[in-house]
Participant: 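Could you have a look at this structure, given as structure tokens, before my questions?
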Amino acid sequence: MAAKVRVRFAPSPTGYLHVGGARTALYNFLFARHHGGEFILRIEDTDLERSTEESMRMQIADLKWLGLTWDEGPNPETLKDMGSFGPYRQSQRKHIYMEHAERLIAQGKAYYDFRTDEELEKAKEKAISEGKNAQVETPVAIVSPADAKKRIAAGESAAIRYRVTERKDYVLNDLVRGEVRFPSDMIGDFVCIRSNGMPVYNFCCVVDDALMQITHVFRAEEHLSNTLRQMMLYEAFGYALPQFGHLSFILGEDRQKLSKRHGATSCNDYRLKGYLPEALNNFILLSGWSSPKGDEIMSREEQISQFTHERFIASPAVFDNVKLEWMNSMYLRALPHDELWRRTEPFLKEAGIELPMASDPEWRDQALGVFKTKMQTLLDAATWFLPLADSKFVIREEANEVYAWPEASKVLHSWKSQLSKHNGERLSEAEFDALQDAVKTEAGVKGKQLFMPIRVAVIGQPHGAELKILVPLLPKSSLLK
RNA sequence: GUCCCCAUCGUCUAGAGGCCUAGGACACCUCCCUUUCACGGAGGAUACAGGAGUUCGAAUCUCCUUGGGGACGCCA
């Protein structure tokens, strides 16, 4: 029987979760759930300069928002480790990496490197000028481990570098790309442990994946060439290689890697713009993977049951905000009204829109019934609910044209007088119909000339939902401005 | 520069040699519904990067070219 599937998502905490990272997390999560395996969250915070505790919290919050849950790693609430393969933060695993590095040194597979950046840079330039690859060569005389320790004790610092000696092709059977062949002379000696004692990505990634018994590694394509170094390390340690799958990139419209220049790129950006996590989830699922059944809108259950690595797409995907908007509107509409209201409310509040009548569930139900097909994002709710907020009423620019119609003043005059005859706080749909008929007769105006001025009087703009639906949603006092 | 990856409508994609006069989705256009805006319904336009091969037959296999991306960090 095959070993239980164990996959991980290993972000470096340097800001909000990027949509590309979110997709990697989603794929790993779905793969684990599909196979009844485990999904592990590991924090790759070995870059002391850029990693922050705050970023880690942000990333965890974003993963939670997306509804991705992990079985091992920092507890989403307490941040304390869950699972028995911890610690799950690389900054807390230094001793493990050091022990591994020393193992390599003892075997002569790695060495202490006292060379300075300047020296290495010089050597690199020389290599290039000689038409050779710009890679770090093994020094002519390697400092013996014993001497190195003395020098370090005396205050010098050294990196630990892996010594590439094998001259052969490494063959990777990538789950996304098929067979990929790396000639070992592609790379020079590479750093495992920095001179400050922190390990580098390629090193801790191997140690952790092996020790955490990771079976499958799905990660972005940028790591494809890194895999050669990692394969060398797996070999050196005698650890079994996991299965790798290198995912294509998500690009911006200009076909460049998605970055800040492209506007929204983090999950948090999309949350703030009023996108539902379900929609963002579903959308990123489909850029880089396709359903074997050709489905587009998929529930989490369907995603899990259909998710296999055969459906990964090797070519990069351009992020299409327009399609995301469509998907978001589909999810918006599918939400039960009380849930939709719960999610809409904060956005209305943020926009300063107060709706006294919203305390009435029936009112909310009616209003959402009208507006939900017009909203693309929760943020849009503000535009639609705005005319219903008494204090925010404004006559829009485009409405002036309607008011300038010769019939408009007749209609409005009649509307006002008919309205004053009506008793009660609100008009029902039937009452409005009757009232509109009366205006029609009194003013002698019909069609567009009739209802557009009324609409402007009611919501401040010539276009919008049907009046007979809109009017019952408003108190009589605000039907005429 | 060296090495690696990628290449089907504007975009996401289906397609694993004949089922392809290339299918779906978003967007776009037209019409229908509608006293506006939307929703909904019915249609439409639009793609195999180029060139050589292999084959009776190629979007699918091979090679080359071109284009895009990545790695070559004591970033991840």
Side-chain angles (χ1 to χ4, degrees), chain A residues 10-14 21 44-47 49-51 90 113 115-117 120 124 127-128 131-136 157-161 172 174 176-178 180-183 185-188 190-205 219-229 246 248-251 253-257 283 286-292 294-297 310-311 313-327 329-330 333 370-375 384 402 436 440 446-452 455 461-467:
Chain A
S12 57
T14 57
E44 308 219 324
D45 54 353
T46 55
D47 182 352
E49 307 279 299
R50 299 193 305 148
S51 302
Q90 290 184 330
D113 189 356
R115 286 176 291 182
T116 61
D117 285 349
L120 292 168
K124 188 174 165 182
I128 290 176
K132 287 194 283 196
N133 280 358
Q135 27 182 252
V136 175
S157 60
I160 297 175
R161 208 175 266 279
L172 171 69
D174 193 270
V176 179
R177 277 148 225 287
V180 181
R181 191 169 286 271
F182 303 107
D185 56 12
M186 232 172 108
I187 55 167
F190 56 90
V191 168
C192 299
I193 308 281
R194 298 174 172 97
S195 47
N196 71 1
M198 284 306 261
V200 300
Y201 167 77
N202 281 303
F203 189 74
C204 34
C205 183
R219 59 173 25 158
E221 193 198 322
E222 58 191 312
H223 294 301
L224 185 56
S225 356
N226 282 327
T227 310
L228 172 57
R229 290 178 183 74
H246 287 92
S248 54
F249 283 112
I250 298 183
L251 307 176
E253 278 174 56
D254 53 2
R255 301 207 150 261
Q256 301 294 303
K257 230 177 128 181
F283 178 75
L286 261 22
S287 42
W289 181 87
S290 71
S291 151
D295 293 346
E296 297 256 347
I297 306 274
E310 283 94 355
R311 306 297 302 183
I313 295 145
S315 55
V318 172
F319 195 93
D320 184 359
N321 278 294
V322 178
K323 188 158 183 176
L324 171 60
E325 266 193 2
W326 165 78
M327 193 159 278
S329 66
M330 298 306 280
R333 276 181 232 177
V370 183
F371 296 139
K372 71 173 178 184
T373 52
K374 300 176 184 294
M375 288 161 51
W384 294 102
V402 174
Q436 187 179 235
K440 188 166 149 186
K446 60 179 180 178
K448 215 168 145 180
Q449 273 70 21
L450 172 67
F451 66 82
M452 277 213 177
R455 195 199 310 279
Q461 58 191 61
H463 302 295
E466 256 186 295
L467 277 170

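Below, chain A is the first sequence line, B the second, and so on; all start at residue 1.
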Participant: What is the distance, rounded to the nearest whole Å, between atom NZ of Lys323(A) and atom P of A27(B)?
Facilitator: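 Between P of A27(B) and NZ of Lys323(A): 9 Å.
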Participant: Using Watson-Crick or G-U wobble geometry with both distances below 3.5 Å, tell me the partner of G53(B), or none.
Facilitator: C61(B)
Participant: Regarding Ile313(A), tell me which of base, sugar-phosphate or nothing describes its non-hydrogen contacts under 4.0 Å with the strands shown.
Facilitator: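 The answer is sugar-phosphate, as Ile313(A) gets under 4.0 Å only of primed atoms, P, OP1 or OP2.
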Participant: Just checking Phe203(A) against Phe190(A), ring centres under 6.0 Å apart?
Facilitator: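 Here the rings of Phe190(A) and Phe203(A) have centres that are no less than 6.0 Å from each other.
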Participant: Any sub-3.5 Å donor-acceptor pair from Asp320(A)'s side-chain atoms to Val322(A)'s backbone N or O?
Facilitator: yes
Participant: Determine, for nucleotides 36-41 of chain B in 5'-to-3' order, which nucleotides have protein heavy atoms under 4.0 Å from the base (write B), from only the sugar-phosphate (write S), or from neither (write -).
Facilitator: BBSSS-
Participant: With RNA chain B as reference, determine whether Phe283(A) or Arg181(A) sits nearer its 5' end, using the nearest nucleotide of each.
Facilitator: Arg181(A)
Participant: With a 4.0 Å cut-off on heavy atoms, is Glu310(A) in touch with a base, just the backbone sugar-phosphate, or nothing at all?
Facilitator: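 Contact class for Glu310(A): none.
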Participant: Have Ser290(A) and Arg311(A) got a donor and an acceptor in their side chains that come within less than 3.5 Å?
Facilitator: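 Side chains of Ser290(A) and Arg311(A): pair found under 3.5 Å.
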Participant: For U2(B), what is the paired nucleotide under Watson-Crick or G-U wobble rules, both distances under 3.5 Å?
Facilitator: A71(B)
Participant: Among C4(B), C12(B), C6(B), which is the nearest nucleotide to the side chain of Ala314(A)?
Facilitator: C6(B)
Participant: If I pick the C1' atom on C63(B) and the same atom on U54(B), what distance separates them, to the nearest angstrom?
Facilitator: 11 Å
Participant: Would you tell me if any nitrogen or oxygen in the side chain of Arg311(A) comes within less than 4.0 Å of OP1 or OP2 on C12(B)?
Facilitator: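 Result: no.
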Participant: Examine the side chains of Arg219(A) and His246(A) and answer whether a donor and an acceptor come within less than 3.5 Å of each other.
Facilitator: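 Yes - a donor-acceptor pair under 3.5 Å links their side chains.
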Participant: Should we count CD of Glu49(A) as having more than 12 external heavy atoms under 6.0 Å?
Facilitator: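 No, CD of Glu49(A) has 12 or fewer neighbouring heavy atoms, counting only those of other groups under 6.0 Å.
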Participant: Using a cut-off of 4.0 Å between protein heavy atoms and nucleotide atoms, how would you tag nucleotides 69-76 of chain B 5' to 3' with B, S and -?
Facilitator: BBSSSBBB
Participant: Using the rule side-chain contact (heavy atoms from CB on, under 4.5 Å), only one of Asp113(A), Ile193(A), Val191(A) pairs with Ile160(A); which is it?
Facilitator: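 Among Asp113(A), Ile193(A), Val191(A), the one that satisfies the side-chain contact (heavy atoms from CB on, under 4.5 Å) with Ile160(A) is Ile193(A).
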Participant: Could you tell me how far apart Trp326(A) (CH2) and C12(B) (P) are, to the nearest whole angstrom?
Facilitator: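 My rounded result for the distance is 15 Å.
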Participant: Tell me if C39(B) is syn or anti. Syn = glycosidic torsion within 90° of 0, anti otherwise.
Facilitator: syn
Participant: Under the 3.5 angstrom rule, does the side chain of Gln135(A) hit a backbone N or O of Asp185(A) as a donor-acceptor pair?
Facilitator: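 It does hold such a pair.
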Participant: Thinking salt bridges, do Glu466(A) and Arg455(A) make one under a 4.0 Å N-O criterion?
Facilitator: no
Participant: Decide if atom NZ of Lys446(A) counts as having more than 12 heavy atoms of other residues, nucleotides or ligands within a radius under 6.0 Å.
Facilitator: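 No, NZ of Lys446(A) has 12 or fewer neighbouring heavy atoms, counting only those of other groups under 6.0 Å.
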Participant: Tell me the interatomic distance from Glu296(A), atom CD, to A27(B), atom C1', rounded to whole angstroms.
Facilitator: 13 Å
Participant: Nearest heavy-atom pair of Leu251(A) and Pro316(A): which atoms, and what distance?
Facilitator: CD1-CB, 3.7 Å
Participant: With a 4.0 Å cut-off on heavy atoms, is Gly447(A) in touch with a base, just the backbone sugar-phosphate, or nothing at all?
Facilitator: base
Participant: Within this structure, what is the CZ-to-P distance between Phe319(A) and U13(B), rounded to whole angstrom?
Facilitator: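 Interatomic distance, CZ of Phe319(A) to P of U13(B): 12 Å.
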Participant: Just how far, in rounded Å, is C1' of C5(B) from CG of Leu228(A)?
Facilitator: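 Leu228(A) atom CG is separated from C5(B) atom C1' by 14 Å.
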Participant: Heavy-atom count check: over 12 atoms from other residues, nucleotides or ligands less than 6.0 Å from Lys372(A) NZ?
Facilitator: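 More than 12 within 6.0 Å, yes.
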Participant: For Ser315(A), does its backbone N or O pair with a side-chain atom of Ser248(A) as donor and acceptor, under 3.5 Å?
Facilitator: yes
Participant: So which protein nitrogen or oxygen atoms get under 3.5 Å of nucleotides 46-51 of chain B's nitrogens or oxygens?
Facilitator:
none

